[in-house]
Amino acid sequence: MDILAALAEARLVPVVVLDDAKDAAPLAEALVAGGLPVAEVTFRTAAAQDSIRAMADRGDMLVGAGTVLTPEQVDQAVAAGASYVVSPGLSRAVVERCREHGVLALPGAVTATEIQAALELGLTTVKFFPAGTSGGAAAISALSAPFGGVRFVPTGGIGPTNVQDYLGIPAVAAVGGSWMVPKDRVRSGDFAGITALTAEAVALTRPAA
Ligand SMILES: O=C(O)C(=O)C[C@H](O)[C@H](O)COP(=O)(O)O
């Protein structure tokens, strides 16, 4: 599967933080019901690997790992079934381990220097993080001028009120964010509410009628 093409088709990447892996299955169901069978499960908690496995085992989702800081976490993510690996920053060691496993690396990069470093590692798509405090949509538009072949996945500080600012930029492949999957709703078991938030987010990716 062309993961980049699949992410670009989805246009949105829910950034998931789970404290308990038992929430992975109902959350996956909620995302799929909302029309977005995609999740980036972050390694911010000890539940990451089991949560990735629970979602990946469904077979109908595009499941990645987020907050991947080390090659060892790449190994854990791939072992659990992640098909792409997202990092807050750009790490040669993480990118190279992803390449060894044959999975997509999506490292964070927000400056021209970081983007050039990503290009030197053979990457053409980067996570633009933290988008909200790094110049936002205007910065991506400016960077896409000299880096015409680079695509961006802006993440960080994006929500319903500004997601379309990013989606309207041709160089933006998809937008990542946690607004669709708020931790408090996961903790409270409000998966119907997550389905509604997801459906609303998906609707924002579609051109106005
Ligand atoms: O944890 C990671 O892998 C990161 O690199 C950072 C997250 O993608 C952002 O923190 C999400 O930002 P919000 O949508 O504003 O909550």
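Position 1 is the first residue of the sequence, and the numbers go up from there. All heavy atoms count here, side chains included; hydrogens, waters and symmetry mates do not. Numbering of ligands and ligand atoms starts at 1, following listing order.
Under the 3.5 Å distance criterion, the side-chain polar atoms of Glu96 are left unmatched by any main-chain donor or acceptor of Ala93. Between the side chain of Asp2 and the main chain of Ala5, a donor-acceptor pair closer than 3.5 Å is present. Judged by distance alone, with hydrogens and angles left aside, the side-chain atoms of Gln49 form a donor-acceptor pair with the main-chain N or O of Gln76 at under 3.5 Å. In this structure a side-chain-to-backbone donor-acceptor pair under 3.5 Å is present from Thr195 to Phe191. No donor-acceptor pair closer than 3.5 Å links the side chain of Thr124 to the backbone N or O of Val150.
The Thr155 neighbourhood of ligand 1 comprises atoms 8 (O), 11 (C), with distances under 4.0 Å to a heavy atom of that residue. Contact atoms of ligand 1 toward Gly177: 14 (O) (distance under 4.0 Å to a heavy atom of the residue). For ligand 1, the atoms lying closer than 4.0 Å to a non-hydrogen atom of Pro88 are 5 (O). When each atom of ligand 1 is checked for a heavy atom of Glu40 under 4.0 Å away, the hits are 3 (O).
Here the closest non-hydrogen pair linking Arg58 and Ala28 is CD-CB, 3.6 Å.
With respect to atom 7 (C) of ligand 1, the closest heavy atom belonging to the protein is Arg44 NH2, 3.3 Å.
For Glu100, the CD atom is densely surrounded, since the number of other residues' heavy atoms within 6.0 Å is greater than 12.
Within the 4.0 Å heavy-atom cutoff, Gly156 counts among the residues contacting ligand 1. Using a 4.0 Å cutoff on heavy atoms, Gly157 counts as a contact of ligand 1. Using a 4.0 Å cutoff on heavy atoms, Val15 counts as a contact of ligand 1.
In this comparison of Thr67, Leu69, Val181, the heavy atom closest to atom 2 (C) of ligand 1 sits on Thr67. For atom 4 (C) of ligand 1, the choice among Lys127, Met180, Lys183 with the nearest heavy atom turns out to be Lys127.
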Before giving the answer on salt bridge (charged side-chain N to carboxylate O under 4.0 Å, His left out), spell out for Asp184 and Arg187 the whole-Å C-alpha distance, their side-chain angles and the decisive distance to 0.1 Å. CA-CA 5 Å; Asp184 61 333; Arg187 284 202 193 104; over 6 Å; no
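Between Ser178 and ligand 1, a contact under 3.5 Å exists for at least one N or O pair.
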